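Everything numeric in this text was worked out from a predicted model, so none of it was measured.
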Amino acid sequence: MTTAIILIALALIIVYAGPTLLFICVGYADYVLERRRHLIAVKHAVRRRSDEF
């Protein structure tokens, strides 16, 4: 009986928190990709600048 209550509670949490968790995951993935793009741009700028000297 206790196991059934726990499983139902977990299912309800997952159903109601699903969209929120999805937004968090998508937002974090966007942040990681944007940061990676920025670091690549900085790396290319540094490489370009070191080629000038």
Report the hydrophobic cluster partners of [X], with the cluster defined as I, L, V, M, F, W, Y residues connected by side-chain heavy atoms closer than 4.5 angstrom, directly or transitively.
X   : answer
L22 : V26
Y16 : I8, L12
I6  : L10
Y28 : Y31, V32

Legend entry - salt bridge (charged side-chain N to carboxylate O under 4.0 Å, His left out) against R35, all qualifying residues, sequence neighbours excluded: none

Legend entry - NZ on K43 to NE2 on H38, rounded to 0.5 Å: 12.5 Å

Inset, instruction - Could you list all the salt bridge (charged side-chain N to carboxylate O under 4.0 Å, His left out) pairs where at least one residue sits in residues 16-34, not counting sequence neighbours? - result: E34-R37

